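First the structure, in the form of structure tokens, and then the observations on it.
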Amino acid sequence: MNAQSITPENLTHRLIAAQAGRNPDGVALATGGAQVTYGELERRASKLANHLLSLGAGPEIPVGLCLERSPEFVIAAYAILKCGAAYLPMDPSHPAERLEFIVRDAGVPVVVTRGELAGRFATSSAKIVVLDAAADKAAIDAWPAQAPGAAVEFGQLAYIIYTSGSTGQPKGVEVTHGNLANLIAWHIK
């Protein structure tokens with residue numbers, strides 16, 4: 001794939017969905033003794049994407065993602081892309097003040113995290129989705145496993161990554177779906 005062959009089907013979330021359709025029982029994620037199949041990845045990400053849309057996520061809206069590297073991180077990042085939003089990864093080891101600044105600076109309306117990290121956003125006005133809380137699990141599971149039909153275009157934001165900032169304040173770098181598709185094509189090549 002080169003830049004000229006990037007098509008709507010080559011956007012990251014669509015490539016993953018296509019692989020899930022071809023090989024639903026194949027292992028998509030593995031860490032330690034845990035495995036997630038493509039079918040489970042697709043189902044869980046679609047349910048979460050539908051839930052995030054109900055909370056105000058959508059095209060080019062940044063959604064905070066504060067989780068350690070794990071299958072849940074990948075599922076949540078995929079869900080955010082599926083609903084057309086831009087995922088904004090936040091390192092759970094960073095000070096709460098930095099995380100709060102990033103949420104405020106990026107205008108994040110929703111943060112996806114775990115219970116033990118949720119307190120780091122106590123003063124934030126963002127809605128907090130706690131993946132390991134019973135109420136949030138039930139709310140997510142109530143959504144259909146069908147992927148939302150969010151319209152996603154090449155020039156729309158896929159993710160925002162905050163740098164340390166040369167002035168001491170973190171700065172967001174925006175990456176579009178087209179940029180991400182080109183990066184993945186380059187990695188594959």
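On a predicted model such as this, the values are computed, not experimentally measured, just so you know. In this chain, residues are counted from 1 in sequence order.
The shortest side-chain heavy-atom distance between P62 and L157 does not fall under the 4.5 Å cut-off. You'll find the side chain of E72 stays beyond 4.5 Å of the side chain of D132, heavy atoms only. Between D105 and Y162, some side-chain heavy-atom pair lies under the 4.5 Å cut-off. Taking 4.5 Å as the limit, some side-chain heavy atom of V129 sits within range of a side-chain heavy atom of I140. You'll find the side chain of E68 reaches within 4.5 Å of the side chain of R114, heavy atoms only. Counting heavy atoms from C-beta outward, K82 and E42 have side chains that approach closer than 4.5 Å. Here the side chains of P109 and L55 are not in contact, with every heavy-atom distance at 4.5 Å or above. Contact of the L81 side chain with the I16 side chain is not registered, since no non-hydrogen atoms from C-beta on lie closer than 4.5 Å.
In this structure, the side chain of N50 engages the main chain of P144 through a donor-acceptor pair within 3.5 Å. Between the side chain of K171 and the main chain of T163, no donor-acceptor pair closer than 3.5 Å is present. No donor-acceptor pair closer than 3.5 Å links the side chain of Q156 to the backbone N or O of E60. Between the side chain of T113 and the main chain of C66, a donor-acceptor pair closer than 3.5 Å is present.
Here the closest heavy-atom approach between residue A49 and residue A79 is recorded as CB-O, 3.3 Å. Looking at every heavy atom in both residues, P71 comes nearest to V36 through CB-CG2, 4.1 Å. The minimum heavy-atom distance linking A126 with S124 is given by the pair N-OG, 2.9 Å. Shortest non-hydrogen contact noted between P24 and G21 is CD-O, 3.9 Å. Closest heavy-atom contact between L131 and K137: O-CG, 3.2 Å. Heavy atoms only, all atoms of each residue included: L53 and P148 are closest at CD1-CB, 3.4 Å.
In this structure, CE in M90 is found 7.5 Å from CG in L65, a value given to the nearest 0.5 Å. To the nearest 0.5 Å, atoms CG (N23) and OG1 (T37) are separated by 9.0 Å. Interatomic distance, SG of C83 versus NE2 of H51, reported as 11.0 Å (0.5 Å rounding). Atoms CD1 and CD1, from I160 and I102 in turn, are 10.5 Å apart once rounded to the nearest 0.5 Å. One distance of note links CG of N179 with OH of Y159; it measures 8.0 Å at 0.5 Å rounding. Here the straight-line distance linking atom CZ of R44 with atom NZ of K47 works out to 11.0 Å at 0.5 Å rounding.
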Would you sort out whether V112 and L52 count as a side-chain contact (heavy atoms from CB on, under 4.5 Å), showing the intermediate values?
-> CA-CA 9 Å; V112 178; L52 293 173; 3.9 Å; yes
Would Q19 and R22 count as a side-chain contact (heavy atoms from CB on, under 4.5 Å) if you check the C-alpha gap in whole Å, the side-chain angles of each, and the deciding distance to 0.1 Å?
-> CA-CA 5 Å; Q19 180 62 23; R22 286 189 300 271; 2.8 Å; yes
List the steps, then state whether side-chain contact (heavy atoms from CB on, under 4.5 Å) holds for I75 with L29.
-> CA-CA 9 Å; I75 292 164; L29 307 170; 4.3 Å; yes
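Linking Ile, Leu, Val, Met, Phe, Trp and Tyr whenever their side-chain heavy atoms come within less than 4.5 Å puts L67 and I161 in one cluster. In terms of hydrophobic clustering, with Ile, Leu, Val, Met, Phe, Trp and Tyr side chains grouped at heavy-atom distances under 4.5 Å, L48 and V110 are assigned to a common cluster. Put simply, V63 and L88 are part of two different groups of oily side chains (I, L, V, M, F, W, Y) that touch within less than 4.5 Å, one to the next. Taking hydrophobic clusters as Ile, Leu, Val, Met, Phe, Trp and Tyr residues chained together by side-chain heavy-atom distances below 4.5 Å, V103 shares a cluster with V130. Follow the hydrophobic side-chain contacts under 4.5 Å out from V27 and you never reach L41; the two are in separate clusters.
Among residue pairs with one or both ends in residues 88-124, none qualify as ring pair (Phe, Tyr, Trp, His ring centres under 6.0 Å); sequence neighbours excluded.
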